[in-house]
Amino acid sequence: MIRKGFIMNVNPDKQTEYEQRHNEIWPELIDALRKHGASNYSIFLDKDTSKLFGYVEIEDEDKWSKMPTTAINQKWWEFMEPLMETNADNSPVTIPLKEVFHMD
């Protein structure tokens with residue numbers, strides 16, 4: 001299992017809506033994430049800074065790298081774009097984090 005941590009930014013006035021949309025996440029998106037090897041996926045919000053910390057465990061980098069090209073992922077990015085800092089392709093601006101400690 002490969003652990004991935006990353007940071008994203010939600011617009012300060014959209015924090016509540018961001019959380020609501022994740023509370024109603026589409027089942028077909030969850031299915032696609034699982035098919036692409038994701039498990040144990042969490043996103044945490046620092047309300048003071050509007051920073052999001054994401055954590056996901058994946059089976060394989062190659063399998064995971066195909067997730068962004070799926071139609072459901074593209075649709076989700078478009079749906080979430082008004083709420084957060086995004087790139088030109090609607091993907092969230094994501095800062096990958098280097099793991100420096102892990103304890104089982």
Side-chain angles (χ1 to χ4, degrees):
M1 198 59 58
I2 301 165
R3 294 179 297 277
K4 299 181 90 54
F6 51 93
I7 296 173
M8 301 176 292
N9 296 297
V10 63
N11 298 333
D13 61 332
K14 300 294 184 183
Q15 291 179 2
T16 301
E17 188 172 354
Y18 181 91
E19 184 174 359
Q20 287 172 340
R21 289 186 183 192
H22 279 82
N23 288 338
E24 300 167 357
I25 197 163
W26 308 329
E28 58 270 30
L29 180 59
I30 296 293
D31 289 344
L33 287 164
R34 287 188 175 128
K35 286 177 186 170
H36 287 84
S39 63
N40 201 20
Y41 197 162
S42 299
I43 300 173
F44 301 87
L45 169 65
D46 178 346
K47 287 186 175 192
D48 293 337
T49 65
S50 290
K51 296 278 185 202
L52 299 162
F53 165 70
Y55 174 83
V56 64
E57 294 175 356
I58 63 168
E59 296 170 1
D60 173 271
E61 288 286 356
D62 186 55
K63 193 175 191 179
W64 179 244
S65 71
K66 293 174 177 69
M67 182 63 195
T69 65
T70 63
I72 191 65
N73 198 74
Q74 295 287 319
K75 185 177 175 184
W76 181 257
W77 283 353
E78 185 178 332
F79 181 59
M80 297 302 288
E81 183 274 333
L83 309 182
M84 56 192 312
E85 185 180 354
T86 59
N87 296 301
D89 66 355
N90 289 334
S91 66
V93 172
T94 304
I95 301 165
L97 299 173
K98 177 184 177 209
E99 183 177 303
V100 295
F101 174 77
H102 173 76
M103 185 187 92
D104 277 328

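Starting from 1, each residue takes its place in the sequence as its number.
- More than 12 non-hydrogen atoms from other residues, nucleotides or ligands lie less than 6.0 angstrom from CD of Q74.
- A pairwise comparison of heavy atoms in P92 and M8 identifies CB-SD, 3.7 Å as the closest pair.
- Minimum heavy-atom separation, N90 to T86: O-CG2, 3.6 Å.
- Counting only distance, with no hydrogens or angles, the side chain of N9 and the backbone of V93 share no donor-acceptor pair below 3.5 Å.
- With values rounded to the nearest 0.5 angstrom, E85 atom CD is found 9.5 Å from T94 atom OG1.
- In terms of heavy atoms, L45 sits closest to V10 at CD1-CG1, 3.8 Å.
- Between the side chain of D89 and the backbone N or O of S91 there is at least one donor-acceptor pair closer than 3.5 Å.
- Rounded to the nearest 0.5 angstrom, M67 CE and L33 CG are separated by 4.0 Å.
- Atom CD of E28 and atom NZ of K35 lie 10.5 Å apart (nearest 0.5 Å).
- Under a hydrophobic-cluster definition in which Ile, Leu, Val, Met, Phe, Trp and Tyr are linked whenever side-chain heavy atoms come within less than 4.5 Å, directly or via other members, I25 and I43 are assigned to the same cluster.
- Among all heavy-atom pairs drawn from I2 and D60, the shortest one is CD1-CA, 4.2 Å.
- Salt bridge absent: E57 and K4 never bring a charged side-chain N and a carboxylate O closer than 4.0 Å.
- The pair K66-E61 fails the salt-bridge criterion, with no side-chain N (NZ, NE, NH1 or NH2) lying under 4.0 Å from an Asp/Glu carboxylate O.
- The two residues N73 and P68 have their closest heavy-atom pair at ND2-CA, 3.4 Å.
- Remark: the backbone N or O of H36 is not paired with any side-chain donor or acceptor of E59 at under 3.5 angstrom.
- To the nearest 0.5 angstrom, L52 atom CG is 5.5 Å from M84 atom CE.
- The minimum heavy-atom distance between Q15 and S50, with the atom names listed, is NE2-OG, 2.7 Å.
- Using cut-offs of 30° and 60° for the angle between ring planes, the F6 and Y41 rings count as perpendicular.
- Residue F44 is grouped with residue I95 when hydrophobic side chains (ILVMFWY) are merged at heavy-atom distances under 4.5 angstrom, including chains of intermediate members.
- Side chain of D46 to backbone of D48: a donor-acceptor contact under 3.5 angstrom is found.
- Hydrophobic cluster membership differs between I30 and Y55, with clusters built from Ile, Leu, Val, Met, Phe, Trp and Tyr side chains linked at under 4.5 angstrom.
- Relative to the six-membered ring of F79, R21 meets both conditions, a distance below 6.0 Å and an angle of at most 45° to the axis.
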